[in-house]
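Computed from a prediction, not measured in an experiment: that's the story for all the values here.
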Amino acid sequence: MTMTDPTTAAHTSVAAPRVAFPPGFSWGAATAAYQIEGAAAEDGRTPSIWDTFARTPGKVLNGDTGDVAVDHYHRFREDVRLMADLGLTSYRFSLSWPRIQPTGRGPAVERGLDFYRALVDTLLEHGISPVATLYHWDLPQDLEEAGGWPVRETAYRFAEYASLAASALGDRIPVWTTLNEPWCSAFLGYGSGVHAPGRTDPADALKAAHHLNLGHGLAVGALREVLPASAKIAVSLNLHLVRPLTDTAEDREAARRIEAVGNRIWTGPMFKGGYDEDLKADTAHLVDWDELVRPGDEAEIGRPIDLLGLNYYNPTVVSAPRDDAETAEAARNDGHGDSEFSCWPGSEDVVFHLANDDVTAMGWPIDATGLSDSLVGMHNDFGLPLLVTENGAAFEDVVGPDGEVDDPERVRYVELHLQAVADAIEAGADVRGYYLWSFLDNFEWAYGYSKRFGIVHVDYETQRRTPKTSARWYAEVIRRGGLA
């Protein structure tokens, strides 16, 4: 079977675009296992932390769970045909750790691997190049009960799982992503508690961050041992494009603090040789970094990778603490859910502001300049080929009398952000692909099924799929190879 690399795959246009993208640019969409697969207890799969969290009263809106989700486990062939109809050249999805290795230890379950073998084979039959994410937040519950990501052993278990998955699927999948948004795993999962497993200990959040980094590095080593030499390894980070509200020294200091715990906690050890001293100073009252980071850890975390993925939705505007009532009310307006506990350990008093009033259904401001600024900055700082591994928006989609879903707001959003990608490429950034979030409406974590990000509408009662206006518009962009 021929393995096609989405960063080099050929693309044919049918009309000259106004804004053209480079030859071989990957036009994709993305999903995550727990959000779409369902089949939560089939073929040997055991609970993940999200199964447990979703079944805990009060944690997910309306008590929704991913038990069925959008039944992709049984409907993947239909879904891949839809992808092919839209002309996608690549598809980014995640593997379910508890479907492949139910307890996080021991041998792989072949029935779980068989699902992914069939999915990937179907993608390749339709000319769609697969990009696999090893970890999109679904830690096996057994590992959480043993301590979860705050415990060092979890990093070694992750590397073992990476080896199992790549040994079985490495001949079919050309691009492997270790982690998706480890910031969310650490700081929403163990800091503010709005994501699974719902813990609220800032020290544990920082320990989780280090062990996610270590797991990434160990997994890169494990993948290199079993993957073909042609395979590429990536990580997807939701780096915060941090802007101070004003140019005062106090607001610039607030931005520095958030940029440290939001971004450099990952990029320092992954790409710059280690954790920055200011980050460690900001959080020294919470963890002993000399004890947490063992000799050799930072070198392990810094193993070279081939591609760097960016997940971008909006910029982050911050200021120093303010005394006025309006600012106090908006202090936690960081777009990461409501909690009395902060997801910014060591910088809990920093104040967050909306970049503007043009917001999505998530309340996230629409500002595409942050995407181009991020990509150019990443290119200058790290020198790696880049992928936009997530970008998209939720809106209040309505099914019309004719059964169609017209979503001009999403079309506008994606067009603005594709223009931003083009601007970054023109400025010199080596951007190889764009993955629209999301292909399907799905389980939106703590928001349950109340928020729709998909370009394909899903009727959750009947599981009927209906491409929205945005899907048809995106298909034309792909056929053209750029914006009209």
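When all heavy atoms of H336 and C343 are compared, the pair lying nearest together is CB-SG, 4.3 Å. The two residues D282 and A260 make their nearest non-hydrogen contact at OD2-CB, 4.4 Å. Residue A54 comes nearest to D64 through the heavy atom pair CB-O, 3.7 Å, listed as atom of the first residue, atom of the second, then distance. Taking every heavy atom of both residues into account, Y460 and D441 meet most closely at OH-CB, 3.3 Å. The two residues L143 and R105 come nearest to each other via the heavy atoms CD2-NH1, 3.5 Å. Across all non-hydrogen atoms, the minimal contact from H417 to A368 is NE2-CA, 3.6 Å.
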- Message: Apply side chain to side chain donor-acceptor pair (under 3.5 Å) to residues Y135 and S185 and explain how you reach the verdict.
- Response: CA-CA 10 Å; Y135 188 71; S185 298; 4.7 Å; no
- salt bridge (Lys or Arg N to Asp or Glu O under 4.0 Å) between E444 and R452, intermediate numbers included: CA-CA 8 Å; E444 185 48 39; R452 293 179 178 269; over 6 Å; no
- Dump the intermediate steps for side-chain contact (heavy atoms from CB on, under 4.5 Å) on I100 and L95, then the final yes or no. CA-CA 8 Å; I100 290 174; L95 306 176; 3.9 Å; yes
- Task: Could you walk me through whether T177 and V131 pass the side-chain contact (heavy atoms from CB on, under 4.5 Å) test, one step at a time?
- Result: CA-CA 7 Å; T177 301; V131 174; 4.1 Å; yes
- Query: Could you walk me through whether R117 and E110 pass the salt bridge (Lys or Arg N to Asp or Glu O under 4.0 Å) check?
  - Reply: CA-CA 10 Å; R117 291 183 180 110; E110 289 300 319; 3.1 Å; yes
- Dump the intermediate steps for side chain to side chain donor-acceptor pair (under 3.5 Å) on N213 and H216, then the final yes or no. CA-CA 5 Å; N213 275 329; H216 158 78; over 6 Å; no
- Going through the distances and angles, do F395 and T360 end up as a side-chain contact (heavy atoms from CB on, under 4.5 Å)? CA-CA 6 Å; F395 291 103; T360 70; 4.1 Å; yes
- Item | Worked check of salt bridge (Lys or Arg N to Asp or Glu O under 4.0 Å) between R99 and E37 | CA-CA 11 Å; R99 195 178 295 287; E37 284 182 3; 2.8 Å; yes
- Task: Under the side-chain contact (heavy atoms from CB on, under 4.5 Å) rule, what do M362 and Y313 come out as? Steps first, then yes or no, please.
- Result: CA-CA 10 Å; M362 296 289 289; Y313 292 93; over 6 Å; no
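There is a side-chain donor-acceptor pair under 3.5 Å between S319 and H353. With no hydrogens or angles considered, a side-chain donor-acceptor pair links Y434 and N391 at under 3.5 Å. In summary, the side chains of T31 and Y91 do present a donor paired with an acceptor at a separation below 3.5 Å, with no hydrogens or angles considered. Neither side chain, H210 nor E298, offers a donor N or O lying under 3.5 Å from an acceptor on the other.
If you look at Y449 and F443, their ring centroids are closer than 6.0 Å. Aromatic ring centres of F115 and F76 lie closer together than 6.0 Å. The six-membered or imidazole ring of W137 lies away from that of Y34, with a centre-to-centre distance of 6.0 Å or more. Between W50 and H195, the ring centre distance stays below 6.0 Å. Annotation: H240 is in aromatic contact with W344 [ring centroid separation under 6.0 Å].
With salt bridges taken as basic N to acidic carboxylate O contacts below 4.0 Å, one links R55 and D67. Salt bridge status for E259 with R256: absent, with no side-chain N to carboxylate O gap under 4.0 Å. With salt bridges taken as basic N to acidic carboxylate O contacts below 4.0 Å, one links R243 and D367.
Using a distance-only test at 3.5 Å, with no hydrogens or angles considered, no donor-acceptor pair links the side chain of D276 to the main chain of D278. Side-chain N or O atoms of D306 include one that pairs as donor or acceptor with a backbone N or O of I233 at under 3.5 Å. Between the S163 side chain and the A159 main chain, no donor and acceptor come within less than 3.5 Å of each other. Put simply, the side chain of Y474 gets close to the backbone of G28: a donor and an acceptor are under 3.5 Å apart. A distance-only check finds a donor-acceptor pair linking the side chain of W364 to the backbone of G335 [under 3.5 Å]. In this structure a side-chain-to-backbone donor-acceptor pair under 3.5 Å is missing from D381 to M378. The backbone N or O of P102 sits less than 3.5 Å from a side-chain atom of T46, completing a donor-acceptor pair. Distance alone, capped at 3.5 Å, places no donor-acceptor pair between the N311 side chain and the L237 backbone. A donor-acceptor pair is defined here as one N or O able to donate and one able to accept, closer than 3.5 Å; no such pair exists between the side chain of W97 and the backbone of F158. Remark: the backbone N or O of W149 is paired with a side-chain donor or acceptor of H211 at under 3.5 angstrom.
Summarising the geometry, atom OG1 belonging to T369 is positioned 12.5 Å from atom CD1 belonging to I366; distances are rounded to the nearest 0.5 Å. Here CG of L223 is found 7.0 Å from CH2 of W176. Values are rounded to the nearest 0.5 Å. To the nearest 0.5 Å, atom OG of residue S470 and atom CD of residue E409 are 10.0 Å apart. Distance CG/L82 to CG/L440: 7.5 Å, rounded to 0.5 Å. For the atom pair L279 CG and L206 CG, the distance stands at 7.5 Å (nearest 0.5 Å). Distance CD1/I301 to CG/L218: 8.5 Å, rounded to 0.5 Å.
The shortest distance between side-chain heavy atoms of R172 and Y116 does not fall below 4.5 Å. Taking the side chain as every heavy atom from C-beta outward, R465 and R75 approach each other to under 4.5 Å. Here the side chains of L308 and V235 are in contact, with some heavy-atom distance below 4.5 Å. Using a 4.5 Å heavy-atom threshold, the side chains of P130 and S90 count as separate. Two residues are said to be in side-chain contact when any heavy atoms from C-beta on lie closer than 4.5 Å; L375 and Y312 fail this criterion. Using a 4.5 Å cut-off on side-chain heavy atoms (C-beta onward), T178 and T133 make no contact. Taking 4.5 Å as the limit, some side-chain heavy atom of S96 sits within range of a side-chain heavy atom of R45. Counting only heavy atoms from C-beta outward, the side chains of V68 and Q463 approach each other to under 4.5 Å.
Between W445 and H136, the ring planes are parallel. Angles under 30° get that label, and only those over 60° would be called perpendicular.
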